[in-house]
Amino acid sequence: MTAQRKPNLILFLPDQQRADTLACYGGTKVHAPNLNKLASESVIFERAYVTHPVCTPSRSSLMTGTWPHINGCTRNSVPLDRQFRTFPELMEDKDYRSAYIGKWHLGEEGPAARGFHQWISTDDHGDYTNFLISNGITPDKQNGRFSELAISNLPLDLSRPKFLEKHARKFIEEHQSDPFVLVVAFVEPHSPYNGPLNDEHPLDEIELDVTATLPESEDIPLRYRLMREWQQAEAILDRERLPFQLFFGITPEEYRSIKQRYLGLVTLVDQSVGAILECLERFGLSEHTIVVHTSDHGDSLGAHHLFGKETMFEEAARVPLLIRLPDQARSKMISQAVSHIDFVPTLLDLLGQPTHSQCTGKSLLPLIREERVRPENVFMEWAPNRTKIKKGTTLARRRTIKRAVDESTRTVVSPDGWKLCLRDKDLNELYSLKDDPFETRNVYSDRQYASVISHYTGEIHRWQDSSHDKLKV
């Protein structure tokens, strides 16, 4: 009698992919057939939230199961302290071969020194750069590296997703007889909004967010307004210095063009996801492999007249989360809101590994198994990161601006649809996601919601106490 094979794990981790780029989240016009097929065979978490809506902090939670305020990765490009172990390091079973292919963003030493046996890097001085040079592409920067703009102009066969796809397939083929953990971390669809599939989606089918077509709101945090003003100033400059808007826009036409090209990048990622899943199938590994798909944060894409992440709005803070189990043939939708803080405990549980004391969250497997699980609040955080200011801004006095740029946020999303954002140095927000899903009306100053604010302020403070968070909000 042969021993039961241990399950493999593949994690697809694109950068900056919004939830609604997949059909199961409403993105029915997005060309993502492979991810849509994966979703049709997966557990779909309808409302999955990041811990902190920017790259490095969010990834620190996805790799370690800890809050950014605990592990120290509270801003971009902060290296992950070695005392915090990544999930392969937390696994007791050492039979697994592990590889991290793609964007790391948790320190220059990379994942190969953090529990992964292999790292194929897309950093600007790593494997992908060497690949391009070996294919006769000349670096456009004086330091011998490639700019993001140059990379975005490359043909399909030299694109980053194709490069990652090739190495992922090679890893699967080489380790088809071993239990393995494979992370494929795409840089796309992160800006610049440009790639080989720019015209994949007809421009007249691109739908803008509701808040991209409404007047600009002033009843939002000053930091958001400063971001918006700076982005619009950059967009005006970009009209002169770039062939088209690669980062920011101002008009509905620019919003639509940017979103068209963003969705082309989603399709680019989707094609490589499909090729990797086909490789699994070819080697008979699909029925032995757990497949997970999520992202480190979303992208406003013109919603609230903003681009990128760094806000608590749904477009930036909500992400896709799909989990396909080895024996799963049809989809299952879980409407209960969940947090990325539960991501690592869930992966460990799926692989039959005990939960580690480092992890703050808990496994989502009981939810997946349809056991009765009481809906809980989801919490998010924000720490001062990088907010660029338009020179000569008149939005507020210099001291007020400095306070807003240095603000920290603690947010709760409740099971009954309230989102409360408390800040130490900027405007607070309260939205009813049931009545106002697009977050058009900040009702924090409305006295009729005083009891709601009081209750959920208490919830935030209780969470802070339990998570050893010393911020005063």
Partners of [X] by side-chain hydrogen bond (donor to acceptor under 3.5 Å, both in side chains), sequence neighbours excluded?
X    : result
E381 : H69
R324 : E41
N198 : N194
Y49  : E314

By the definition side chain to side chain contact (heavy atoms under 4.5 Å, CB included), identify the one residue from L242, I151, L246 that meets it with P192.
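The option that passes is L246.
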
Run the side-chain contact (heavy atoms from CB on, under 4.5 Å) test on L364 and V338 for me, step by step, so that the C-alpha distance in whole Å, both residues' side-chain angles and the decisive distance to 0.1 Å come before the verdict.
CA-CA 8 Å; L364 298 174; V338 298; 3.9 Å; yes

[X] (side chain) donor-acceptor with [Y] (main chain) under 3.5 angstrom:
X    : Y    : answer
H304 : L306 : no
R85  : G115 : no
D270 : N34  : yes
S331 : S42  : no
E459 : V412 : no
H297 : T51  : no

Decide yes or no on salt bridge (Lys or Arg N to Asp or Glu O under 4.0 Å) for R18 and D209, but give the supporting numbers first.
CA-CA 12 Å; R18 280 171 56 145; D209 291 279; 2.8 Å; yes

Which word best sums up how the rings of [X] and [Y] line up, parallel for under 30°, tilted for 30 to 60°, or perpendicular for over 60°?
X    : Y    : answer
F12  : H293 : tilted
Y255 : H305 : tilted
F87  : F116 : perpendicular

One thing to verify: whether E205 and K29 come together as a salt bridge, which I'm taking to mean a side-chain N less than 4.0 angstrom from a carboxylate O.
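No, K29 and E205 are not salt-bridged.
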
Roughly how far, to the nearest 0.5 Å, is [atom2] of [Y] from [atom1] of [X]?
X    : Y    : atom1 : atom2 : answer
L38  : I10  : CG    : CD1   : 10.0 Å
L222 : E229 : CG    : CD    : 9.5 Å
T56  : N385 : OG1   : CG    : 8.0 Å
L350 : L9   : CG    : CG    : 8.0 Å

Using the side-chain contact (heavy atoms from CB on, under 4.5 Å) criterion, which residues pair with [X]? Sequence neighbours excluded.
X    : answer
R399 : none
A233 : K390
R82  : E109, A113, R114

Which residues satisfy the salt bridge (charged side-chain N to carboxylate O under 4.0 Å, His left out) test with [X], sequence neighbours excluded?
X    : result
K332 : E370
D406 : K402
D469 : R410
E240 : none

If we count only N and O atoms by modelled type, under 3.5 Å, do the side chains of D436 and T440 hold a donor and an acceptor together?
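A pair is found: one side chain offers a donor N or O, the other an acceptor, under 3.5 Å apart.
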
Counting only heavy atoms not in E218, do more than 12 sit closer than 6.0 Å to its CD atom?
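Buried by this count: over 12 neighbours within 6.0 Å.
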
Let me know which of W418, Y444, Y431 forms a ring pair (Phe, Tyr, Trp, His ring centres under 6.0 Å) with Y449.
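By the ring pair (Phe, Tyr, Trp, His ring centres under 6.0 Å) criterion, Y449 pairs with just one of W418, Y444, Y431: W418.
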
Can you name the residues that form a ring pair (Phe, Tyr, Trp, His ring centres under 6.0 Å) with F244, not counting sequence neighbours?
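F244: no ring pair (Phe, Tyr, Trp, His ring centres under 6.0 Å) contacts found.
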
